[in-house]
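Structure record follows, encoded as structure tokens.
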Amino acid sequence: MSKVFSAHAVSVDGYISGRTPNGGEESGRGLGDAPMLFDWYTDGDTPSQVFGGFRLSEPSARFFDAIAARVGAAVAGRTTYEHSGHWGGGGPHPTARLFVLSHRPAPEISQTQTLVTTGIEDAIAAARKAAGGKDVALMGGGVLTSALEADLVDELILHQVPVLLGAGRSFFHELPERVHLRLLEAIPAPGVTHLHYEVVR
Ligand SMILES: NC(=O)c1ccc[n+]([C@@H]2O[C@H](COP(=O)([O-])OP(=O)(O)OC[C@H]3O[C@@H](n4cnc5c(N)ncnc54)[C@H](OP(=O)(O)O)[C@@H]3O)[C@@H](O)[C@H]2O)c1
């Protein structure tokens with residue numbers, strides 16, 4: 001069975017994006033005033049084999065490409081979708097189909113994207129089907145929290161960046177129950193530590 005995981009760049013104090021200027025709309029990578037969360041994508045000398053244009057340090061490239069190659073479909077929260085400029089009608093991954101989870105209609109959804117308004121279970125089921133045996137990646141703290149609540153998450157990956165942002169959008173939303181994790185790998189790399197956990201069931 002394919003797995004469901006999330007991989008986020010996160011500050012040490014638990015934010016996946018910074019402050020949004022004037023509380024307004026986001027664009028680009030949607031990180032507000034914290035673009036440094038993704039510096040490790042491009043500040044190395046090893047090209048990614050999956051994402052054209054990314055040049056990472058050697059340990060980051062090895063870890064990042066192994067994870068990226070597993071992705072067959074992605075489920076993003078509506079806020080991530082909006083903050084990423086709808087990925088220009090495409091998706092966050094070069095080959096994986098994008099599913100957007102929301103409670104509302106999304107007129108801007110493109111033909112290569114799929115909107116799901118009937119809940120996290122339906123979004124993950126549809127993404128699994130599209131993934132053709134590969135894994136499903138979750139994007140956004142809200143979507144990740146919904147999936148954890150539904151006990152649908154197998155693995156959590158934190159690309160932990162050594163900064164305390166102090167404010168922003170929190171990775172860890174409130175959960176109704178405790179979730180236990182087992183550390184599978186911890187890989188220190190320039191500008192980031194890759195923490196790979198599995199959810200203990
Ligand atoms: N650092 C990183 O690696 C990284 C990765 C991804 C995203 N981000 C950033 O994270 C921020 C967004 O994260 P977030 O936690 O605020 O939001 P999010 O998870 O992207 O989106 C939350 C929204 O998704 C919809 N949603 C979530 N669960 C749902 C459910 N069970 N049923 C129906 N709809 C559901 C709702 O949309 P509606 O309100 O429309 O109903 C909800 O308001 C953005 O700034 C983005 O750029 C960072």
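Whatever order the structure lists ligands and atoms in, that order sets their numbers, starting from 1. Note that these values count all heavy atoms, side chains included, but never hydrogens, waters or copies made by symmetry. One-based numbering along the sequence shown. No experiment lies behind these values; they were computed from the predicted model shown.
Taking the six-membered ring for Trp and the full ring otherwise, Phe51 and Tyr41 have centroids separated by 6.0 Å or more.
Applying the salt bridge (charged side-chain N to carboxylate O under 4.0 Å, His left out) test to residues at least two apart or on different chains, the pairs with a partner in residues 143-156 are Lys3-Glu155, Arg70-Glu155, Asp151-Arg201, Asp154-Arg201. Screening residues 164-176 for side-chain hydrogen bond (donor to acceptor under 3.5 Å, both in side chains) gives no qualifying pairs among residues at least two apart or on separate chains.
The shortest N or O to N or O distance between Leu37 and ligand 1 is not under 3.5 Å. Residue-to-ligand polar distances place Ala9 within reach of ligand 1: an N/O pair is separated by less than 3.5 Å. Between Ser170 and ligand 1, not a single N/O pair is under 3.5 Å apart.
Nearest to atom 32 (N) of ligand 1 by heavy-atom distance, out of Glu149, Arg78, His103, is His103. The heavy atom nearest to atom 29 (C) of ligand 1, considering only Val100, Thr145, Leu101, is found in Leu101. Remark: among candidates Ala7, Gly168, Ser84, Gly142, the nearest residue to atom 15 (O) of ligand 1 is Gly142, based on non-hydrogen atoms.
Residues Tyr15 and Leu37 form no side-chain contact, since every pair of their non-hydrogen atoms from C-beta on lies 4.5 Å or further apart.
Which parts of ligand 1 touch Gly141 is read off a 4.0 Å heavy-atom cut-off, strictly below it: atoms 13 (O), 14 (P), 15 (O), 19 (O). Taking every non-hydrogen atom of Val143 and a distance limit under 4.0 Å, the qualifying atoms of ligand 1 come out as 19 (O). Using a 4.0 Å cut-off to heavy atoms of His8, the atoms of ligand 1 that qualify are 3 (O), 4 (C), 5 (C), 6 (C). Residue-ligand proximity, Ser17 to ligand 1, at heavy-atom distances under 4.0 Å covers atoms 45 (O). Close contacts between ligand 1 and Ser146 involve ligand atoms 28 (N), 29 (C), 30 (C), 31 (N) [criterion: under 4.0 Å to a heavy atom]. Close approach of ligand 1 to Gly77 (heavy-atom distance below 4.0 Å) involves ligand atoms 18 (P), 19 (O), 20 (O), 21 (O), 24 (O).
Within the 3.5 Å criterion, the main-chain N or O of Gly89 finds a donor-acceptor partner in the side chain of Thr112. Counting only distance, with no hydrogens or angles, the side chain of Gln113 and the backbone of Gly90 share a donor-acceptor pair below 3.5 Å. Looking only at distances, no side-chain donor or acceptor of His194 sits under 3.5 Å from a matching main-chain atom of Ile157.
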